[in-house]
Amino acid sequence: MGSRQPACAARDLEVGRDGRAIVQGVDLVVERGRSISIEGPSGSGKSSLLLTLAGVIPPLRGEVSVAGSLLPPNDPRRRADIRLLSVGLVFQGAELIPELTALENVMLPARLAGASSPDAEERARAIMVALRLGGLTDRPAMTLSGGEAQRVATARAVINHPPLILADEPTGSVEPELRGIIIDQLRIAARLGDSGLVLVTHDRWVASQMDGRYTIRDRRLERAVANS
Ligand SMILES: Nc1ncnc2c1ncn2[C@@H]1O[C@H](COP(=O)(O)OP(=O)(O)OP(=O)(O)O)[C@@H](O)[C@H]1O
Ligand SMILES: [Mg+2]
């Protein structure tokens, strides 16, 4: 354990849906403090790979470790515990809790990790202001627009500065100015947490902002050009 362990390590991973292989032979190590992008056509398995790295869905074969903890394929509760402590996940569809306010959604991981309510609220408000969500704190999540919900989901994913941040098209529904702000906030959180950052995107500029670049092609995760 500790910061010497990679943020995320996948070995001979086979990502599946309904028992069907989607991406095969994934060997991927994301060191702490490093960032990568994953591109690929719609339906190629980007979200499925991210959800497997997060332990939301178990792999068909191979294994994933997050910050040195192996995600047990047959123990979803243990995977959820590891996820709570070590993973910040921005789902493609945001997946906020609709009945809670935007602020309560962002505070939730901090509260679950043991932060006091005032501390969680202060941190949540600061990150929400940075993401231009300051005026939306008290809005029920179900009333937010797609781009607003996505930014709330980003704030929720980074509030604990987890060792692994996984973001599925976090800039998919916003204009270029906000896109830059979202990437900046993900980077700041990753620096504060010495985190590994894995970002799925269809946006070349966003991909070019990461240290390394990968593409899913023909069911394989391929290393693309290095950015730096
Ligand atoms: N819950 C599910 N049950 C069965 N099949 C699924 C499920 N979710 C996704 N799939 C299938 O798995 C494949 C990969 O889907 P995935 O969502 O990972 O693609 P993606 O690369 O993220 O696409 P997009 O760019 O459109 O978000 C697709 O063929 C999709 O239809
Ligand atoms: Mg997807």
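Counting starts at 1 for both ligands and their atoms, following the listed order.
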Glu222 atom CD, neighbour heavy-atom count above 12 within 6.0 Å = yes

With heavy atoms of Glu169 as the reference, note each atom of ligand 1 found under 4.0 Å away.
-> 25 (O), 27 (O)

Sort out for me which residue in Asp203, Thr171, Thr201 forms a side-chain hydrogen bond (donor to acceptor under 3.5 Å, both in side chains) with Arg179.
-> Asp203

CZ (Arg132) with more than 12 external heavy atoms under 6.0 Å = no

For ligand 1, which atoms, with element, lie under 4.0 Å from some heavy atom of His202?
-> 25 (O)

With a cut-off of 2.8 Å, does Ser47 place any N/O/S atom under that distance from the Mg ion (ligand 2)?
-> yes

Protein non-hydrogen atom below 4.0 angstrom of atom 4 (C) of ligand 1 present | yes

Who's the nearest protein heavy-atom neighbour of atom 7 (C) of ligand 1, and how far?
-> Arg17 NE, 3.5 Å

Just jot down the ligand 1 atoms closer than 4.0 angstrom to any heavy atom of Gln92, in number order.
-> 27 (O)

Heavy-atom distance to atom 19 (O) of ligand 1: which of Gly16, Pro41, Gly172, Gly45 wins?
-> Gly45

Any atoms of ligand 1 less than 4.0 Å from a non-hydrogen atom of Ser48? List them with their elements.
-> 14 (C), 15 (O), 16 (P), 18 (O)

Is there a heavy atom in Gly43 that sits closer than 4.0 Å to ligand 1?
-> yes

Looking at Ile22, which atoms of ligand 1 are within less than 4.0 Å of one of its heavy atoms?
-> 12 (O), 13 (C), 14 (C)

Against heavy atoms of Arg20, which atoms of ligand 1 measure under 4.0 Å?
-> 11 (C), 29 (O)

Flag yes if more than 12 heavy atoms outside Arg139 fall under 6.0 Å of its CZ atom; otherwise flag no.
-> yes

Would you please test Arg204 and Arg213 for side chain to side chain contact (heavy atoms under 4.5 Å, CB included) and show each step?
-> CA-CA 10 Å; Arg204 283 189 182 172; Arg213 217 161 151 168; 3.9 Å; yes

shortest atom 26 (O) of ligand 1-to-protein heavy-atom contact is with Ser42 OG, 2.6 Å

So, Gln92 and the Mg ion (ligand 2): N/O/S under 2.8 Å, yes or no?
-> yes

Protein contact to atom 25 (O) of ligand 1 [nearest heavy atom, distance to 0.1 Å] | Lys46 NZ, 2.7 Å

Heavy atom of protein closer than 4.0 angstrom to atom 31 (O) of ligand 1 | no

